[in-house]
Amino acid sequence: MLRLFPAKFNGRTLLSHPPKPLLRLAFLFYPLLRSSPKCYSLVSETSLQFQPISSDHCDPLLSTLLVALKSSSSVSSCRAIHARVIKSFDYRDGFIGDQLVSCYIKMGCTNDAEKLFDEMPNKDFVSWNSLVSGFSKRGHLASDEGQYIHCCAVTLGMMSEVKVVNALINMYGKFGCTDSAFRLFWEMPEPNMVSWNSMVAVCTQNGIPNEAINYFNMMRMNGLFPDEATMVSLLQAFEILPLGRLVEAIHGVIFTCGLNENLTIVTTLLNLYSKLGKLIASHKVFAEISKPDKVAWTAMIAGYAMHGQGKEAIEFFERTVREGMEPDHVTFTHLLSACSHSGLVEEGKYYFRIMSDVYRVQPRLDHYSCMVDLLGRCGLLNDAHHLIKHMPLEPNSGVWGALLGACRVYGNINLGKEAAENLIALDSSDPRNYIMLCNIYSAAGLWSDASKVRTSMKAKKLIRNPGCSFIEHGNKIYRFVVDDYSHPDSDKIHKKLEELMRKIQEAGFVSETGSVLHDVDEEVKTKMINKHSEKIALAYALLVTSADVPIVIVKNLRICRDCHNTAKFVSLIEKRAIIIRDSKRFHHFSDGLCSCGDYW
DNA sequence: GTAGGGTTAG
């Protein structure tokens, strides 16, 4: 039986009559308290031990409950406990007030958080930090609000506090204001470990991996030894800067430092190998984890999904569930995405059904996106549209984007238009939405409509993100854009490309000019398409790599149909394994076929 | 000897 508040614990007298509302709370949330590592010391196997230190007996237990509440990921528990706390007490100040603000933010009740924060009479720098970090982590802070908070911190004399500056650095990082983050960091008299780690993270999150590595090196030169957070952020830098050999070197360092027992680091490494196209290496890393957790095995499923290995993802899922793993919403997102990337329609429908029926995981927007993608892939555009119209949540850009992608493949102009209009209504500043719509019109030969879309893009001053391809060779990364002549060996590369195109045309390859947006002659179109960055990278790879290693190309945008087809032919004719990672997934080409089954 | 704010993984 659960005993609450024993009279004595370790020889000390404990509170014998705790306030009744608290007693009810403690009973209700006993499992929650037990599951929170930070509160574990307060809660033994059989009883809830409680020892007040202040004259106000409510505070310690309520604080413990609130801390447990924050560390729990259960939103329903959050709401329940929060409702009861508010009913029984009215705390606006000090410790409890700060905790409540954090809880509100965690639950997504940003208005309540702000209201309470405004009402708090004695805000100190801890209160401010709770607010800043909570809001910036969840993207609930606008840039000017951030600057206002920075001003407050300065006027209230909080800038001497390292934790405050660290919170501001991270806030600016989340806004993409790297310059402000840099300035704050370099003005700090004594940055600590978290400050350095924050800088590495800020650089990684803002797509400047070289800078992340620089900060890492500077940190080492300052005599600091990297910890878990450093390694995770550093590893993530290599997602953008795919220097495979350097990653293997870092893997070695992780091993020799004994960090290979650290689940967080190892999971990041596993995920990184997947993203670099090395699924076998991911699997090896996973196999060496002694006690993989939910995050680690979800990462493995995500790896299979990315590489279009749906059957393997399902097998893996079923095996681990049998071993007692409890899947959550992220697990199902990747499992459904695996089904969709492999065209496993029936399996996808099955898992979508049982995720709530059997595993009690309610479908979220990501799951609906996967389902729309899954249905769209096999041409069931009306079913996909029906699902969107009848889903219980408000469809977001992911859901409409999945439909638009399917419309592009199947050339459905009407639905495509609807999807694109919804997308543009949701976010009129994302050039990709306009480009997709433009693509659909162009493919259907509706040049005047396509041109209207281009005009509205121009009017909004939206610039198309230029496509580029990366390839690693001899410890260097080479970047190619369309019609690129920047490489010193450009003449050779373009000669090789022309030769390659001639060869595959002889084997039956026909250019697919539908991917070219511009309303120009077929001949000009073919010329433009033949100089796409991934084709140049491919020709370069054929020139400099040996025949036995797979060619790995990384592209920032999605691969176009023509380049996809080219890679298929080249894999057949040159007898080479080609791996292309585009912005959405991996394509493994061999013997004239692609792992994506021509749908992406 | 207890409890709060700053960095990191699917």
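No experiment lies behind these values; they were computed from the predicted model shown.
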Practice item. Please list, chain by chain and in numerical order, all residues satisfying ring-ring contact (aromatic ring centres under 6.0 Å, His included) with A/W297, sequence neighbours excluded. Key: none
Review point. How would you label the contact of A/T331 with the nucleic acid (heavy atoms, under 4.0 Å): base, sugar-phosphate, or nothing?
Key: base
Practice item. Measure the distance from CH2 on A/W128 to C1' on B/dG5 and round it to the nearest whole Å. Key: 14 Å
Check your understanding: Out of B/dA9, B/dT7, B/dG6, which nucleotide sits closest to the side chain of A/A167?
Key -> B/dG6
Exercise for review: Could you check whether A/D293 gets within reach of a base, just the sugar-phosphate, or nothing at all, counting any heavy atom under 4.0 Å?
Suggested key: base
Review point. Could one point to a donor on the side chain of A/D98 or the base of B/dG4 with an acceptor on the other under 3.5 Å away?
Key: yes
Check your understanding: Has the side chain of A/T298 got a donor or acceptor that lies under 3.5 Å from a partner of the other kind on the base of B/dG10?
Key -> yes
Check your understanding: In whole angstrom, what separates A/E261's CD from B/dA9's P?
Key -> 21 Å
Check your understanding: Between B/dT7 and A/Q205, is there an OP1 or OP2 to side-chain N/O distance shorter than 4.0 Å?
Key -> no
Check your understanding: So which nucleotide from B/dG6, B/dT7, B/dA9 ends up closest to the side chain of A/S198?
Key -> B/dT7
Exercise for review: Please examine the side chains of A/Y172 and A/S136, heavy atoms only from C-beta on, and report whether any two atoms are closer than 4.5 Å.
Suggested key: no
Review point. If you check every side-chain atom of A/L263, which of B/dA9, B/dT8, B/dG10 has the closest atom?
Key: B/dA9
**Study point:** Residue of the set A/T230, A/N192, A/N170 for which side chain to side chain donor-acceptor pair (under 3.5 Å) holds with A/N197
**Key:** A/T230
Review point. Which part of the nucleic acid, if any, lies within reach of A/T264 when heavy atoms closer than 4.0 Å are counted: base, sugar-phosphate only, or nothing?
Key: base
**Study point:** Residues in salt bridge (charged side-chain N to carboxylate O under 4.0 Å, His left out) contact with A/R138, at least two apart in sequence or another chain
**Key:** none
**Study point:** Minimum-distance nucleotide (side-chain atoms of A/V162 versus B/dG6, B/dA9, B/dT8)
**Key:** B/dG6
Exercise for review: Return the residues of residues 177-197 of chain A meeting this criterion: a heavy atom under 4.0 Å from some atom of DNA chain B. Order them by number, or give none.
Suggested key: A/N192, A/V194, A/N197
Review point. To the nearest angstrom, how far is A/N166 atom CG from B/dT8 atom C1'?
Key: 14 Å
**Study point:** salt bridge (charged side-chain N to carboxylate O under 4.0 Å, His left out) involving A/K278 - partner list, sequence neighbours excluded
**Key:** A/E248
Practice item. Looking only at side-chain atoms of A/A229, point me to the closest of B/dA9, B/dG6, B/dT7. Key: B/dT7
Point to revise | Interatomic distance, A/M159 CE vs B/dG6 C1' [rounded to whole Å] | key: 13 Å
Study note, to complete from the structure: Of the candidates B/dA9, B/dG10, B/dG4, the side chain of A/A299 sits closest to B/dG10
Exercise for review: Give the rounded distance in Å between these two atoms: CD1 of A/I254 and C1' of B/dA9.
Suggested key: 12 Å
Exercise for review: Rounded to the nearest angstrom, tell me the gap between atom CG in A/L336 and atom C1' in B/dG10.
Suggested key: 15 Å
Review point. Do the rings of A/Y215 and A/F182 sit parallel, tilted or perpendicular, given the 30° and 60° boundaries?
Key: parallel
Practice item. Considering just the side-chain nitrogens and oxygens of A/Q236, establish if one lies under 4.0 Å of OP1 or OP2 belonging to B/dT8. Key: no
Check your understanding: Of the residues in residues 132-140 of chain A, which ones touch DNA chain B at a heavy-atom distance under 4.0 Å?
Key -> A/S133, A/K137
Check your understanding: Any luck finding a side-chain donor-acceptor pair between A/S198 and A/N166 under 3.5 Å?
Key -> no
Exercise for review: Could you pull out all residues at least two apart from A/E211 that satisfy side chain to side chain donor-acceptor pair (under 3.5 Å)?
Suggested key: A/N214
**Study point:** A/Q236 side chain near A/L272 side chain, heavy-atom distance below 4.5 Å
**Key:** no
Check your understanding: Hey, what's the ring geometry for A/F286 with A/H283, parallel, tilted or perpendicular (30° and 60° as the breaks)?
Key -> tilted
Exercise for review: Return yes if the base of B/dG10 and the side-chain atoms of A/D328 contain a donor-acceptor N/O pair under 3.5 Å, otherwise no.
Suggested key: yes
Study note, to complete from the structure: From CZ of A/F286 across to P of B/dG10 the rounded distance in Å is 15 Å
Review point. Is it true that A/E288 and A/K284 make a salt bridge, defined as a side-chain N closer than 4.0 Å to a carboxylate O?
Key: no
Practice item. Return the value, rounded to whole Å, for the distance between atom CE of A/M158 and atom P of B/dG5. Key: 16 Å
